[in-house]
Amino acid sequence: MRFDVSAIRRHLAIVLFLVAGIVAPARAENDIRIQEEIWALPLPLPMFAYLVRPVGDGPFPLVIMNHGVSLNPTDRSFFPLVEFRDAAKWFARRGYLVVAPVGSGYGAAAIDIRERAIYGPFFSKVGKCTNPNFHDAGRAVAQVDLWIIDYLTAEKRIIPKDVIVIGQSAGGWASIALSSVNPPQVKAIITFAAGRGGRVGGKPNNNCAPDRLVEATADFGRTSRVPMLWIYIENDTFFGPDLSKRMHQAFTAAGGRAEYHLMPPFGNEGHFFIGSPDAIPLWSPLVTQFLDAQK
């Protein structure tokens with residue numbers, strides 16, 4: 001099956017026009033007004049994105065927020081996929097333009113361009129646990145981040161070299177992969193519960209080839225020099241404390257720069273910490289301190 005990329009972009013533009021009519025500015029804290037929107041991004045692999053920004057023309061510093069993955073087709077069908085809307089609005093209230101791209105294979109963005117042979121139908125394939133490919137699964141989403149940065153720079157929407165990348169779960173793993181190429185525009189990266197291959201078969205603390213994941217983390221650390229903040233939660237049953245500490249030790253021993261923080265248990269499942277508005281008072285002081293140190 002073949003896809004006409006230009007036709008896809010035209011259809012996305014039409015959807016964007018229709019969606020834009022139902023989005024309105026929201027009143028934020030300190031009387032700052034923010035605007036929530038759904039965008040169609042005309043990238044080499046077109047996709048939708050949730051976007052929230054201060055009202056005005058900008059340009060603004062940029063935050064990219066990478067979501068996790070699901071192997072459940074029903075879960076992937078939900079749209080719009082906004083897993084951390086409250087967190088995104090927290091950054092927008094501080095002057096950032098925040099883009100949360102909806103990965104290929106999710107909701108209305110379920111596009112598979114087979115002849116490109118880049119991603120497959122969605123960003124969650126690492127292969128069999130007997131021989132997982134953790135590297136390319138991270139690099140695929142990292143490439144999307146680079147496309148987004150280039151597009152918004154060309155559109156004069158953002159301030160060049162003032163980009164922060166944030167990722168949760170598989171999106172956090174992609175952010176670690178991105179750090180290994182040290183994009184000059186990216187001044188800091190923050191991850192929440194980063195990793196791949198968690199809860200195999202739906203079983204808590206049952207990881208896909210954890211030793212291979214640690215090795216891949218070290219591989220990224222050998223070239224990564226972007227300042228990073230890694231946040232994990234004690235009751236994360238996807239990437240528990242023992243595994244996350246091993247990953248951090250391997251990453252920093254290889255040369256990567258990452259602060260590690262293990263937060264107390266949160267709710268019934270700490271893996272989805274960033275998605276709860278109740279978690280913002282817990283992680284925001286760490287994030288604020290970390291970002292202040294990068295100025």
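Excluded from the calculations below are hydrogen atoms, water molecules and symmetry mates; all remaining heavy atoms, backbone and side chain alike, are included. None of the values given here were measured: they were computed from a predicted structure.
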Ile189 vs Ile164, side-chain contact (heavy atoms from CB on, under 4.5 Å): CA-CA, chis, key distance, verdict: CA-CA 6 Å; Ile189 293 175; Ile164 298 167; over 6 Å; no
side-chain contact (heavy atoms from CB on, under 4.5 Å) between Val165 and Asn66, intermediate numbers included: CA-CA 8 Å; Val165 176; Asn66 296 316; 3.7 Å; yes
After noting the C-alpha distance and the side-chain angles of Lys187 and Val163, does the key distance pass the side-chain contact (heavy atoms from CB on, under 4.5 Å) rule? CA-CA 6 Å; Lys187 69 178 187 181; Val163 178; over 6 Å; no
Could you walk me through whether Phe48 and Ile38 pass the side-chain contact (heavy atoms from CB on, under 4.5 Å) check? CA-CA 7 Å; Phe48 287 100; Ile38 301 295; 4.1 Å; yes
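Trp230 has its ring centre no less than 6.0 Å from the ring centre of Phe192.
Listed here is the closest heavy atom pair of Ala49 and Pro101: CB-CA, 3.8 Å. The nearest pair of heavy atoms linking Gly270 to Ile233 is O-CD1, 3.4 Å. Between Ala194 and Gly172 the shortest heavy-atom distance is CB-C, 3.6 Å.
Distance check: Ile190 CD1 to Leu229 CG gives 5.5 Å after rounding to the nearest 0.5 Å. Note that CG of Leu213 and CE of Met247 are 4.5 Å apart. Values are rounded to the nearest 0.5 Å. Glu215 contributes atom CD, which lies 8.5 Å from atom NE2 of His135 (distance to the nearest 0.5 angstrom). Here the OG atom belonging to Ser175 is positioned 6.0 Å from the CG atom belonging to Asp145, to the nearest 0.5 angstrom. Expressed to the nearest 0.5 Å, how far CD1 of Ile149 lies from NZ of Lys161 amounts to 12.5 Å.
Between Leu146 and Leu178 the shortest side-chain heavy-atom distance falls below 4.5 Å. With contacts defined as side-chain heavy-atom distances shorter than 4.5 Å, the pair Tyr50/Phe84 does not qualify. Using a 4.5 Å cut-off on side-chain heavy atoms (C-beta onward), Met228 and Phe251 make contact. Side-chain contact check for Val98 versus Leu51: every heavy-atom pair is 4.5 Å or farther apart. Between Asp150 and Leu43 the shortest side-chain heavy-atom distance does not fall below 4.5 Å. Side chains of Phe239 and Ser169 form a contact here, defined as non-hydrogen atoms less than 4.5 Å apart. Between Gln185 and Pro160, every side-chain heavy-atom pair lies at or beyond the 4.5 Å cut-off. Annotation: side chain of Val126 is not in contact with side chain of Asn133 (no heavy-atom distance under 4.5 Å).
Among pairs with a residue in residues 248-258, none fulfils side-chain hydrogen bond (donor to acceptor under 3.5 Å, both in side chains), at least two apart in sequence or across chains. The stretch residues 169-191 participates, sequence neighbours left out, in these ring-ring contact (aromatic ring centres under 6.0 Å, His included) pairs: Trp173-Phe220. Pairs passing the side-chain hydrogen bond (donor to acceptor under 3.5 Å, both in side chains) check and including a residue from residues 231-245, sequence neighbours excluded, read Arg199-Thr237, Asp236-His271, Thr237-Glu269, Ser244-Tyr260.
With sequence neighbours excluded, the residues forming a side-chain hydrogen bond (donor to acceptor under 3.5 Å, both in side chains) with Asp292 are Lys295, listed by chain and number.
Remark: the backbone N or O of Val200 is paired with a side-chain donor or acceptor of Asn206 at under 3.5 angstrom. Remark: side-chain polar atoms of Ser276 are paired, donor with acceptor, to backbone N or O of Asp278 under 3.5 angstrom. One N or O on the side chain of Thr223 and one on the backbone of Ser180 form a donor-acceptor pair closer than 3.5 Å. Judged by distance alone, with hydrogens and angles left aside, the side-chain atoms of Asn207 form no donor-acceptor pair with the main-chain N or O of Pro210 at under 3.5 Å. The main-chain N or O of Phe134 is never found under 3.5 Å from a side-chain atom of Arg139 such that the two would form a donor-acceptor pair. Between the Arg157 side chain and the Ala154 main chain, no donor and acceptor come within less than 3.5 Å of each other. Counting only distance, with no hydrogens or angles, the side chain of Arg225 and the backbone of Gly221 share a donor-acceptor pair below 3.5 Å.
At a threshold of 4.5 Å between side-chain heavy atoms, the hydrophobic network of Ile, Leu, Val, Met, Phe, Trp and Tyr places Leu243 and Leu262 in one connected group. In the hydrophobic cluster analysis, where Ile, Leu, Val, Met, Phe, Trp and Tyr join through side-chain heavy atoms closer than 4.5 angstrom, Leu97 is grouped apart from Ile159.
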Sequence neighbours left out, cut at 3.5 Å: what donor-acceptor pairs do the side chains of residues 280-291 make with other protein atoms?
unit_1: Ser284; atom_1: OG; unit_2: Ile280; atom_2: O; d: 2.7
unit_1: Thr288; atom_1: OG1; unit_2: Ser284; atom_2: O; d: 2.8

Could you list the donor-acceptor pairs under 3.5 angstrom formed between side-chain atoms of residues 52-65 and any protein atom two or more places apart in sequence or on another chain?
unit_1: Arg53; atom_1: NH1; unit_2: Gly56; atom_2: O; d: 3.0
unit_1: Arg53; atom_1: NH2; unit_2: Glu37; atom_2: OE2; d: 3.1

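Around atom CG of Asp211, more than 12 heavy atoms belonging to other residues, nucleotides or ligands sit under 6.0 Å away.
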